[in-house]
A.B. asks: 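Handing you a structure now.
Proteins get letters first, then strands, A, B, ... in listed order; numbering begins at 1 in each.
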Amino acid sequence: EDQVTQSPEALRLQEGESSSLNCSYTVSGLRGLFWYRQDPGKGPEFLFTLYSAGEEKEKERLKATLTKKESFLHITAPKPEDSATYLCAASISGNTPLVFGKGTRLSVIA
Amino acid sequence: ETGVTQSPTHLIKTRGQQVTLRCSSQSGHNTVSWYQQALGQGPQFIFQYYREEENGRGNFPPRFSGLQFPNYSSELNVNALELDDSALYLCASSWTSGYSYEQYFGPGTRLTVT
């Protein structure tokens, strides 16, 4: 069964304290690994897609990386406005439905 | 470029009733997927529509049904509502073709069943 697991479930950081969120996946033939940001009560906001092991993408304080078994979302010098739930999702082929993890709830304290 | 929109924003229904949720896909997209997100969980796939036909379905009963219209907008219908149907319902649109698989989500409809 295709599965995506995120850790930790919740993370509390001081402003400026860098850290990483983990997403491990067990899928038959990964075609794409997606990261989304979700604010409370709102829809997920697209951040990155990674297609092959070794690929990296960056956006402001966020950098996503991909290996054959997991992906990391690195947050450098976070600010309070980075507080949100970060969701990881896998696609096994084409435009098939995304398999989501439960998310990591990030809180950044000023 | 217009993003994904959903209506209504919030909805309160009674157990046993029926509900219709609506979604307008992002400009240029031809595929719509619907997801259910319970509190504290990741979104769960309900079904997907491509060219007005259902193109895949998750582990949801037949009382969850949908439509896609020629302008690629979509509806999600849920009959015989149950308390467990209370959730955030998300619509995502994408372009089926080529190498890019990004799905872009709307703001969601919060459904409460009492």
A.B. asks: Taking the six-membered ring for Trp and the single ring otherwise, decide whether the centroids of Phe105(B) and Phe46(A) are under 6.0 Å apart.
C.D. replies: no
A.B. asks: Non-hydrogen contacts under 4.5 angstrom with chain B: give the residues of residues 13-23 of chain A involved, or none if there are none.
C.D. replies: none
A.B. asks: Do Leu90(B) and Pro44(A) touch side chain to side chain, with heavy atoms closer than 4.5 Å?
C.D. replies: yes
A.B. asks: Would you find more than 12 non-hydrogen atoms of other residues, nucleotides or ligands less than 6.0 Å from Glu81(A) atom CD?
C.D. replies: yes
A.B. asks: Taking a hydrophobic cluster as the set of Ile, Leu, Val, Met, Phe, Trp and Tyr residues connected by side-chain heavy atoms closer than 4.5 Å, whether directly or through intermediates, do Ile46(B) and Val19(B) fall within one such cluster?
C.D. replies: yes
A.B. asks: Could you check whether atom CD of Glu9(A) has more than 12 heavy atoms from other residues, nucleotides or ligands sitting under 6.0 Å from it?
C.D. replies: no
A.B. asks: Using the rule that two of Ile, Leu, Val, Met, Phe, Trp, Tyr join whenever any of their side-chain heavy atoms come within less than 4.5 Å, decide whether Leu47(A) and Leu66(A) are in one cluster.
C.D. replies: yes
A.B. asks: Hey, what do you get for CD (Glu102(B)) to OH (Tyr36(A)), rounding to the nearest 0.5 Å?
C.D. replies: 7.5 Å
A.B. asks: With a 4.5 angstrom heavy-atom cut-off, could you sort out which part of Leu87(A) is near chain B: side chain, backbone, both or neither?
C.D. replies: side chain
A.B. asks: Using non-hydrogen atoms only, which part of Tyr50(B) is less than 4.5 Å away from chain A: side chain, backbone, both, or neither?
C.D. replies: neither
A.B. asks: Please say whether more than 12 non-hydrogen atoms of neighbouring residues, nucleotides or ligands are located less than 6.0 Å from CZ in Arg61(A).
C.D. replies: yes
A.B. asks: Backbone N or O of Glu45(A) within a donor-acceptor pair of the Tyr104(B) side chain at under 3.5 Å?
C.D. replies: no
A.B. asks: Among residues two or more places apart or on two chains, list those pairs meeting ring-ring contact (aromatic ring centres under 6.0 Å, His included) that have a residue in residues 53-80 of chain B.
C.D. replies: Phe60(B)-Phe64(B)
A.B. asks: Would you compute the distance between atom OG1 of Thr9(B) and atom NZ of Lys42(A) and round it to the nearest 0.5 angstrom?
C.D. replies: 11.5 Å
A.B. asks: With a 4.5 Å cut-off on side-chain heavy atoms, are Gln103(B) and Thr49(A) touching?
C.D. replies: no
A.B. asks: Counting only heavy atoms not in Ile12(B), do more than 12 sit closer than 6.0 Å to its CD1 atom?
C.D. replies: no
A.B. asks: Do Tyr35(B) and Phe34(A) belong together in a cluster built from hydrophobic side chains that touch within less than 4.5 Å?
C.D. replies: yes
A.B. asks: Considering only heavy atoms from C-beta outward, does the side chain of Phe45(B) approach that of Val99(A) to under 4.5 Å?
C.D. replies: no
A.B. asks: Do the side chains of Tyr89(B) and Val32(B) join up, straight or via other hydrophobic residues, at under 4.5 Å, putting them in one cluster?
C.D. replies: yes
A.B. asks: For Gln6(B), is it the side chain, the backbone, both, or neither that has a heavy atom closer than 4.5 Å to a heavy atom of chain A?
C.D. replies: neither
A.B. asks: Go through Gly40(B), Gly58(B), Pro107(B), Cys91(B) and name the one with the most non-hydrogen pairs under 4.5 angstrom from chain A.
C.D. replies: Pro107(B)
A.B. asks: Between Leu21(B) and Leu88(B), is there shared hydrophobic-cluster membership here, with clusters defined by ILVMFWY side-chain heavy atoms closer than 4.5 Å?
C.D. replies: no
